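Small disclaimer: the values here were computed from a predicted structure and weren't measured. So that the names make sense, note that chain A is the first sequence line, chain B the second, and so on, each numbered from 1.
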There are 2 protein chains.
Amino acid sequence: MTVDRKQLIVQAAFKSFSLFGYKGTTMEQVAKIAKVGKGTIYTFFQNKEELFNEILHNVIMEMRDVAKSSIDKNRTFFQNLNQVLFKTLEFRRKHELMVRLYHEVKEIGTPAAMDGLKKFESEIRKFIEIQVEKAIERKEIKHCDPEITAFIIFRLYISFVSEWSSLRDELDNEKIAELFQLYLAEGLAM
Amino acid sequence: MTVDRKQLIVQAAFKSFSLFGYKGTTMEQVAKIAKVGKGTIYTFFQNKEELFNEILHNVIMEMRDVAKSSIDKNRTFFQNLNQVLFKTLEFRRKHELMVRLYHEVKEIGTPAAMDGLKKFESEIRKFIEIQVEKAIERKEIKHCDPEITAFIIFRLYISFVSEWSSLRDELDNEKIAELFQLYLAEGLAM
DNA sequence: TTAATGACTAATATGTTCATTCAGTCATTT
DNA sequence: AAATGACTGAATGAACATATTAGTCATTAA
């Protein structure tokens, strides 16, 4: 049996994008790691961006699985929410590819990398949206627009995790859970 | 009586920064508009950045007055909050200097302009923080950390106004007030 | 006959040189 | 004593040369 060339290319591309980012990865590099001719890549993928999207899609699917498995039906919506947010953050921080992409977007602003991260974040929001819908059905939370709610939850989490820490001491996970409870669940009104 | 040279310089600098931004403004330009020699500027201001800070300080003070006068003691905390947020947004949009600075930060990332906007936003947060403190004293809202609360309110407003509109239809002022009411005031919990 | 390849090309990116611009100084003028 | 603008060194960017690289395709190997 002959080797699966597409598989080799995908693995090589994953390695290279993780190591050098989008811009730093050349098609020749990928071909070399995969030990195939450069032309062979183009029999499976139209161009560099399509190859990148395939890699990213795999990572996003992996992330979705992580988020899914962090849900515990016996816990409350807000408990699960904190778990999901924490797990996806951890995922972002642990996966070399994600770290590289965030860095690349910040430092160079590579359009393909920006698009990739947008997809990634949009997937997280979509996942939260589904949890919100379920929580509404279960009457665990009030009726609200799930999309806006997911958007708010995600923005608020990002604000806590990355923007607040550039103003004051970093907030730990427990503190963030408390804040979500106070502001989003219970509300400020007396 | 001889003309007030410092005043002339400040007016000229305000004009130039508003018209051409920080980077686009040259000290020679300012001198020319003010009809003084370039060296004269340096008898009042150490350098370009200090001149810029003086101009910005004036604008920030003006903004604080606008925010202050939008407060109505007969209204609730959340009503006033919406007024303040709306007025400061309007201020940002109306004042040529602010528009230019936001544009410059986005397009070129001039450090002095970035610092300036940080100061501006920090001032808004500080103002909200004071309103939060008063509302806590008045027992209008629950006890909470005023700084974090102001931070959340501001981030949430920015999210609604500028980030949501790149995903879906822009939210009008009334809708944003509703959202604040639902998410921050009443909370999502059943 | 089909799949794989890598030399090739056009487009883009990067490095280099050099002229211009500009913030800040200071000797001269008012 | 206050004001000025010619001057300086550093930074910027235009213009050109060189190098890289995404994507193609004629050739090769299976």
Side-chain angles (χ1 to χ4, degrees), chain A residues 1-56 100-101 103-105 107-116, chain B residues 1-17 19-56 100-101 104-105 107-116:
Chain A
M1 183 214 169
T2 138
V3 278
D4 181 350
R5 284 189 156 73
K6 186 172 179 182
Q7 196 55 27
L8 284 176
I9 291 165
V10 167
Q11 283 167 359
F14 176 69
K15 224 181 251 177
S16 183
F17 284 128
S18 296
L19 237 49
F20 310 112
Y22 184 85
K23 195 161 179 288
T25 290
T26 71
M27 294 304 258
E28 209 130 26
Q29 172 93 297
V30 173
K32 206 172 143 192
I33 298 174
K35 281 172 189 154
V36 299
K38 187 154 65 123
T40 310
I41 301 177
Y42 289 89
T43 65
F44 297 110
F45 303 96
Q46 285 242 321
N47 51 42
K48 187 179 176 181
E49 206 164 336
E50 205 183 82
L51 173 62
F52 175 68
N53 283 335
E54 164 101 7
I55 304 302
L56 194 75
R100 269 249 108 69
L101 287 183
H103 184 260
E104 192 174 340
V105 167
E107 298 300 313
I108 330 184
T110 320
M114 289 178 66
D115 283 0
Chain B
M1 183 213 168
T2 138
V3 278
D4 180 350
R5 285 191 155 71
K6 186 170 178 183
Q7 196 54 28
L8 284 176
I9 291 165
V10 166
Q11 283 168 359
F14 175 70
K15 223 182 251 178
S16 183
F17 284 128
L19 237 47
F20 310 111
Y22 183 85
K23 195 163 180 286
T25 289
T26 72
M27 293 304 258
E28 208 129 26
Q29 172 92 299
V30 173
K32 206 172 143 193
I33 298 175
K35 283 174 189 153
V36 298
K38 184 154 65 127
T40 310
I41 300 177
Y42 289 89
T43 64
F44 297 110
F45 302 95
Q46 285 242 321
N47 52 41
K48 187 178 176 181
E49 207 165 335
E50 205 184 82
L51 174 60
F52 175 67
N53 282 336
E54 164 102 6
I55 304 302
L56 194 73
R100 269 249 108 69
L101 288 183
E104 191 173 343
V105 167
E107 297 301 313
I108 331 183
T110 320
M114 290 177 66
D115 284 0

In terms of side-chain heavy atoms of B/Lys48, which of C/dA4, D/dT4, C/dA23 is nearest? C/dA23
List the atom pairs, with distances to 0.1 Å, where a side-chain N or O of residues 33-42 of chain A and a protein N or O form a donor-acceptor pair under 3.5 Å, not counting sequence neighbours.
unit_1  : atom_1 : unit_2  : atom_2 : d
A/Thr40 : OG1    : A/Gly37 : O      : 3.3

Rounded interatomic separation in angstrom, taking CG from B/Asn47 and P from C/dC22: 17 Å
Residue pair B/Arg5 / B/Phe44: nearest heavy atoms and the distance that separates them: CB-CE1, 4.0 Å
Closest approach of A/Phe20 to A/Arg100 (non-hydrogen atoms, all atoms of both residues): C-CD, 3.6 Å
Let me have the donor-acceptor pairs involving side chains of residues 21-28 of chain A, under 3.5 Å, with sequence neighbours excluded, atom names and distances please.
unit_1  : atom_1 : unit_2  : atom_2 : d
A/Thr25 : OG1    : A/Ser16 : O      : 3.1
A/Thr25 : OG1    : A/Ser16 : OG     : 2.9
A/Thr25 : OG1    : A/Phe17 : N      : 3.4
A/Thr25 : OG1    : A/Gly21 : O      : 2.8
A/Thr26 : OG1    : A/Gln29 : N      : 2.9

Using the side chain to side chain donor-acceptor pair (under 3.5 Å) criterion, which residues pair with A/Thr110? Sequence neighbours excluded. A/Glu104
Integer-rounded Å distance: C/dA4 C1' and A/Leu8 CG: 13 Å
Using whole Å, report how far CD1 of B/Ile108 lies from C1' of D/dG13. 13 Å
Heavy atoms only: give me the nearest B/Val30-B/Ala12 pair and the separation to one decimal. O-CB, 3.6 Å
Atom CZ of B/Arg5 and atom P of D/dA2: how far apart are they, to the nearest Å? 12 Å
Say you draw a straight line from CD1 of A/Ile55 to CD of A/Gln11; how long is it, rounded to the nearest 0.5 Å? 9.5 Å
Would you mind reading off the distance between B/Ile41 atom CD1 and C/dA23 atom P, rounded to a whole angstrom? 9 Å
Residues touching DNA chain C, which here means a heavy atom under 4.0 Å, drawn from residues 10-38 of chain A: A/Lys23, A/Val36, A/Gly37, A/Lys38
Calculate the interatomic distance between A/Glu49 atom CD and D/dG23 atom C1'; express it in whole Å. 14 Å
A correct 5'-to-3' footprint of nucleotides 25-30 of chain D, with B, S and - meaning base, sugar-phosphate only and no protein heavy atom under 4.0 Å, is ------
Sorted by chain and residue number, the side chain to side chain contact (heavy atoms under 4.5 Å, CB included) partners of B/Asp115 (sequence neighbours excluded) come out as B/Glu49
